[in-house]
Undergrad: 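Structure incoming, see below.
For clarity, every value in this text was computed on a predicted model and none was experimentally measured. So you know, we letter chains A, B, ... as the sequences are listed, proteins then strands, and number each from 1.
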2 protein chains.
Amino acid sequence: MSLATGLTQAERTERSDQLMLEAAVELINERGTRGTRLKDVGIRAGYSRGLAGQRFGSIENLFAFVLRRVGDEWLDHLMQATRDQTGTEAVSRALDEHYRFCVDAPHHVQTFYTLWFESVSAGSELADHIRSIHRRRHRDVLTWICKDPCIRDEVKADADAIAAQFCSTVIGIVYYWLANPEDLSGTRARHESLKRFMCERLQ
Amino acid sequence: MSLATGLTQAERTERSDQLMLEAAVELINERGTRGTRLKDVGIRAGYSRGLAGQRFGSIENLFAFVLRRVGDEWLDHLMQATRDQTGTEAVSRALDEHYRFCVDAPHHVQTFYTLWFESVSAGSELADHIRSIHRRRHRDVLTWICKDPCIRDEVKADADAIAAQFCSTVIGIVYYWLANPEDLSGTRARHESLKRFMCERLQ
DNA sequence: CGAGAACTTATTTGTTTCGAGCAAGTAAGT
DNA sequence: ACTTACTTGCTCGAAACAAATAAGTTCTCG
């Protein structure tokens, strides 16, 4: 029985990429990075035990692939939510979107941040990619502060420290969410109080 | 040639525990958790390839052992630094000690927090232990706030949110340090501005 | 123009190496 | 002699890569 699909080679590759992405997301979320096997990704995706290894070359490259795919999706959402906003409005929208994504698309967010925290483990090949995301985030927050016409100059002079605190606190909130996924109200409360504290600080 | 050490069995165990602990710390810091092998821990510690496996049973149990050993050391330091302090003094001391530990004992702190972040990966057996540390930290900060005679009641009414923000931000700062170990001034600046923001908030 | 061959790429299966985990053995202490 | 710390042997599973097979693409020739 022929398994011809009628797809082009490129379409076949994209299809298997997508199926293996979803399989990897599931497996990382179920078993963590240390329990995720290339073999299982291939099989879970409906292919052979060897395809993931053939396609990605290593588990690290698979993680990098997943991070890019999932991270791009998430960063797009964040950018849409804060487009053309500055100051407290941008902060509020970012935090609302952040929380909403935790609620609505938990699987991809869980994977994204699992890999995010994985990146600080020695030898991780994700570090450079994540570092660039960090810098981007920090710069975005800095821009929200410095471009806002309502924020006083003395606050703007402290923008770098405020942005650093904000980004650090978001990391900690995400950590809380990953560690306590059933406690959405605790996660929400942390988003809300960070919003409150930031709004106070930016007045 | 006899390898008799003149130690009791208990002393022999403690010695090998300690040597394997140090080996594990080195290996985790060099290679990350995913690159750390029970075999290598045994050999690095000066024993056979099989001892770590025999002693700990699994890599997960080794990590739990390391976390307890290193974490107890670190938590002792933190407790000494904040003993009998409340309010902004406790906060400042905790942050100073936190930063100082990053500078003076980076290897153990790196390992501790590497495992800390590892614990949010699915399937990690460290999660419960870390969760209890979290609760403890949160409660400590809450106590610092509520027991301080100089903090106003309206601030005390918000103590839970403030404590949650503080703990979250510390996590983010640690993350920054792990991701940017060469940038001690950035880590120090984050500690200092968190100190500043907390002191403002607690007035 | 269409069929089939040649070529390229996607996917599968085979094979080797390495580490985990546990059993069996040896060394050191009681 | 007995118990416990540590070592070595052995089996199995996964990674990584090679070799093979399947599917799509392009070219050639009747």
Undergrad: Does anything in residues 56-73 of chain A pair up under salt bridge (charged side-chain N to carboxylate O under 4.0 Å, His left out), and if so which pairs, sequence neighbours excluded?
TA: A:Glu14-A:Arg69, A:Glu60-B:Arg34
Undergrad: Return the residues of residues 117-127 of chain B meeting this criterion: a heavy atom under 4.0 Å from some atom of DNA chain D. Order them by number, or give none.
TA: none
Undergrad: Using a 6.0 Å cut-off, check whether atom CZ of B:Arg15 has over 12 heavy atoms from anything other than its own residue.
TA: no
Undergrad: Is there a side-chain contact between A:Arg55 and the phosphate of C:dT11, meaning an N or O under 4.0 Å from OP1 or OP2?
TA: yes
Undergrad: When you compare the side chain of A:Thr114 with that of B:Val120, does any pair of heavy atoms fall below 4.5 Å?
TA: no
Undergrad: Which residues in residues 31-52 of chain A have at least one heavy atom lying under 4.0 Å from any atom of DNA chain C?
TA: A:Tyr47, A:Ser48, A:Arg49, A:Gly50, A:Leu51
Undergrad: Using heavy-atom distances to pick each residue's nearest nucleotide on DNA chain C, tell me which of B:Gln54 and B:Gln9 is more 5'.
TA: B:Gln54
Undergrad: In whole angstrom, give the distance that lies between atom CG of B:Leu62 and atom C1' of C:dG19.
TA: 14 Å
Undergrad: Side-chain contact, heavy-atom cut-off 4.5 Å: A:His191 with A:His98?
TA: yes
Undergrad: So, using salt bridge (Lys or Arg N to Asp or Glu O under 4.0 Å) as the criterion, who are the partners of B:Arg49 when residues are at least two apart?
TA: none
Undergrad: Which residues pass the side-chain contact (heavy atoms from CB on, under 4.5 Å) test with A:Asp148, sequence neighbours left out?
TA: A:Thr86, A:Cys150, A:Ile151
Undergrad: Test of understanding: with side-chain contact (heavy atoms from CB on, under 4.5 Å), list the residues that count as partners of A:Thr8, not counting sequence neighbours.
TA: A:Ala10, A:Glu11
Undergrad: Would you please confirm or rule out a distance under 4.0 Å between OP1 or OP2 of D:dC6 and any side-chain N or O of B:Ser16?
TA: yes
Undergrad: Are there more than 12 heavy atoms of other residues, nucleotides or ligands under 6.0 Å from atom NE2 of A:His129?
TA: yes
